[in-house]
Peer 1: 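Below is the structure I would like to discuss, written out as structure tokens.
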Amino acid sequence: MSAQPAIIELQNVDKSFGPIDVLMDISLKVHAGEVLCLLGDNGAGKSTLIKTLCGVYTPTRGKMLMDGKEVHFARPRDAQEAGISTVHQFGGTFPLMSIGRSFFVGVEPTKGWGPFKRFDRKTANAIAVQAVQDFGITRIDDGDRLVGGLSGGERQSLAIARAVHFGARVLILDEPTAALGVKQASHVLRIVNEAKKRGLAVIFITHQVMHALAVGDHFAVLIRGRLAANFMKGEKSREEITDLMAGGEDMATLEAQIAGADTELHSPAHARAAAKP
Amino acid sequence: MAALSATGRRRATLGGLVRRPETGSLLGFVVVYVFFAVLGGAVFLGAPGWSSWLNIAAEVGIIALPVGLLMIAGEFDLSVGSVVPAASMMTAMLGGHYEMPALVAILGGLAVGLVVGWVNGLLVTRTTIPSLIVTIGVMFAVMGLTLGFAVLIKGSTSVSYVPDPLTKSLLGRFINGMFNVSILWWAGFVAAFYYFLHVSPLGNWVFALGGDAESARNAGVPTTKLSIGLFMMSGFAAAFVGVAQVMTYQTAQVAGGQSFIFNSIMCVVIGGVLLTGGAGSIVGIVLGTMTFAVVNQGIFFAALDPNIGSIIIGVLLLIAVLSNDIFRALALSYATRKK
Ligand SMILES: Nc1ncnc2c1ncn2[C@@H]1O[C@H](COP(=O)(O)OP(=O)(O)OP(=O)(O)O)[C@@H](O)[C@H]1O
Ligand SMILES: [Mg+2]
């Protein structure tokens, strides 16, 4: 799509856990200022793919490139130092730690010099609280509060705010809107657009068609570990995308099934009996 | 107001104090101390009383600090019980049997602890065996090796060593004939561990590791190195106590040291460290250690049956765990109840 090499690229990547092949022959490119929506059914391998991208897993086969040069991430820290920042599907916050401390795990702000560096609690708290308030969660105003006292959505916002704060080149979000309210979810979509405008590559996993269509420039669909489709915005219709998100099944059929179950449940037995020829 | 409280100092309100996890440990210490002060009278309140419980507190306290850090990080270390005699034996062997300089003997003893800690760390991080089991296994292995080498080299289960006066005065002296110099070393360890856990940025990693190891690794914390480092710290501290024991008593025994296993864990838990990891403090561990030592020695001053001491320790432990839960719930609810 552009002459510049992609920020991040996978070439023929496989990932197996012992005998279990989870990813097979994945080749993908994400450019600067592009939002890749990674779609697929439960268990398709989306989380495994992004964990491979951010150094949690190393690929069993295949190559990974950044700016056209091959890279190897042995651990998440390596990916982080390369500017890849990730919100994982689960976890990411520490219930018994304060908001400020949790926000900066692994990248603690310090004051002082040499071996006598001190954790800078004030700065950590101020930045963390600001970042979460920017998310529209103004209820949080004290960085010393424990994360475990926050609601699920507030915790997720904290994790996303953290990734956005540290994401330098690539922002990866694994179902970031899953626990969020309407307001916070639309805020995440706005954040994704802002990151894109700043020239970041964004990889966004979601099961919600609306969210995918709202921000996606590029769509990749995984079906049982294989890349089943890989296309740009406008190349496929909304219906086709919806079908692909359902794991390749026809959405109309699924809807009919749901509607069928619905009438089964709600119509009185005699009505059904009467309806039968 | 929102911006103010976000950046402002932590307010020292009564409510804030109650929510601090150390408060329970402080209360426990005060109650226990007053109880034995009443029964033990002037002797317990004077220098003999203080020296006897501080001597005990210093020994177990030096080990309880890293054991507490490990517990915050979600791990146990039971091997400390065999590192104490192993390090004693190594020091006495090098200094007494082979007549090497004191410095070599001391470094040799400390190295035993570092190596055992390193092995613990490797086994825990490379396998999926829980640290409880790994360190029990390592404990028996080290115990066997200590006995084997002692019998092989010396043909006996105890080795004596008379340190030079300087070494003796640094590591094994009784100040005023009562206070073991270990008390000062303990104070030094407390300062170092306080800095590590609460002031330096590394302390954040320990809490994160105990809170959620996978998220900590994903966030960029070098969890493997950190775990191995923590196990080496506890090995080192146990070895330090072993070395100091040789300098104090001028002899090393292959047995002994088993009491440190449960005692150190008890100090840590009475001090408010969460058994499942993720929370705890150095101030709490120190208070827990002092509480333990006061009960341990107060029994003699109060002329009570030693079995009663065991009962008190047991009850204290249960109360500590219960109150830990209550204080934790208060700390968490503060977030939701405030507005
Ligand atoms: N560490 C692992 N060891 C073995 N199998 C694994 C491992 N991690 C994932 N899998 C398997 O790989 C498959 C894909 O899992 P993955 O978590 O990537 O799915 P997903 O597309 O993110 O699904 P969801 O939409 O439910 O989040 C699943 O069948 C899972 O059981
Ligand atoms: Mg997933």
Side-chain angles (χ1 to χ4, degrees), chain A residues 51 54-56 75-81 86-88 90-102 104-110 112 115-130 133 138-151 154 159 162 166, chain B residues 1-11 16 19-21 72 74 195-226 273-274 276-280 324 327-339:
Chain A
K51 281 180 181 167
C54 68
V56 176
R75 58 189 74 82
R77 197 177 189 94
D78 297 345
Q80 220 172 48
E81 276 161 9
T86 313
V87 180
H88 291 278
F90 305 108
T93 56
F94 305 90
L96 292 170
M97 288 173 81
S98 72
I99 291 169
R101 279 185 170 269
S102 183
F104 283 96
V105 165
V107 275
E108 290 77 7
T110 54
F116 299 107
K117 284 204 179 72
R118 285 169 293 148
F119 177 75
D120 189 351
R121 193 187 114 245
K122 260 192 189 173
T123 307
N125 284 0
I127 295 176
V129 167
Q130 191 57 50
Q133 291 204 339
T138 47
R139 233 170 56 82
I140 294 174
D141 57 17
D142 181 357
D144 281 326
R145 271 169 60 171
L146 299 187
V147 172
L150 306 180
S151 79
E154 285 171 339
R162 179 186 197 278
F166 293 109
Chain B
M1 119 101 217
L4 255 182
S5 64
T7 50
R9 299 244 59 181
R10 204 187 305 233
R11 279 149 302 178
R19 280 185 215 100
R20 291 197 60 78
I72 293 173
Y195 176 83
F196 177 76
L197 187 64
H198 297 298
V199 182
S200 89
L202 294 178
N204 219 32
W205 296 4
V206 178
F207 287 111
L209 180 60
D212 181 349
E214 195 187 329
S215 292
R217 188 174 119 85
N218 290 345
V221 175
T223 48
T224 306
K225 272 189 211 157
L226 182 61
V273 175
L274 199 62
T276 45
N324 282 354
F327 281 103
R328 198 93 42 212
L330 276 175
L332 287 175
S333 69
Y334 151 66
T336 39
R337 220 196 292 132
K338 196 177 157 208
K339 294 260 164 70

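In what follows, chains carry the letters A, B, and so on, assigned in the order in which the sequence lines appear, proteins first and then strands, with residues in each chain numbered from 1.
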Peer 1: Evaluate B/Trp205 against A/Glu108 for side-chain contact (heavy atoms from CB on, under 4.5 Å), listing each step before the verdict.
Peer 2: CA-CA 9 Å; B/Trp205 296 4; A/Glu108 290 77 7; 2.9 Å; yes
Peer 1: Under 4.5 Å heavy-atom distance to chain A, tell me which part of B/Leu274 shows up: side chain, backbone, both or neither.
Peer 2: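 Just its side chain gets close to chain A.
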Peer 1: Taking the side chain as everything from C-beta on, heavy atoms only, tell me whether B/Asn204 gets closer than 4.5 Å to A/Phe119.
Peer 2: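 Yes; the side chains approach each other to less than 4.5 Å.
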Peer 1: Ignoring hydrogens, what is the shortest heavy-atom contact between A/Phe94 and B/Ala208? Give both atom names and the distance.
Peer 2: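 Nearest pair, atom of A/Phe94 first, then B/Ala208: CE2-O, 3.4 Å.
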Peer 1: Please report the shortest heavy-atom distance between B/Gly278 and A/Leu96, naming the atom on each side.
Peer 2: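 Closest pair (atom of B/Gly278, atom of A/Leu96, distance): O-CB, 3.8 Å.
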Peer 1: Taking all non-hydrogen atoms of both residues into account, name the closest pair between B/Tyr195 and A/Lys117 and its distance.
Peer 2: OH-O, 2.9 Å
Peer 1: Go through the structure and list residues passing side chain to side chain contact (heavy atoms under 4.5 Å, CB included) with B/Lys225, not counting sequence neighbours.
Peer 2: B/Pro222
Peer 1: Quick check on A/Glu81: does its CD atom have over 12 non-hydrogen neighbours (other residues, nucleotides or ligands) under 6.0 Å away?
Peer 2: yes
Peer 1: What closest approach, in Å, do B/Val221 and A/Arg77 show between heavy atoms, and which atom pair accounts for it?
Peer 2: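 So the two residues come closest at N-NH1, 4.3 Å.
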Peer 1: Under 4.5 Å heavy-atom distance to chain B, tell me which part of A/Phe116 shows up: side chain, backbone, both or neither.
Peer 2: both
Peer 1: Considering all heavy atoms of both residues, which atom of A/Thr110 and which atom of B/Pro201 are nearest to each other, and what is their separation?
Peer 2: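 That closest heavy-atom pairing would be CG2-CG, 3.4 Å.
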Peer 1: Within the structure provided, determine whether A/Thr86 and B/Asn218 are in side-chain contact (heavy-atom separation under 4.5 Å).
Peer 2: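 No, their side chains stay 4.5 Å or more apart.
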Peer 1: Return yes if some donor-acceptor pair links the side-chain N/O of B/Arg217 with the main-chain N/O of A/Val56 below 3.5 Å, else return no.
Peer 2: yes
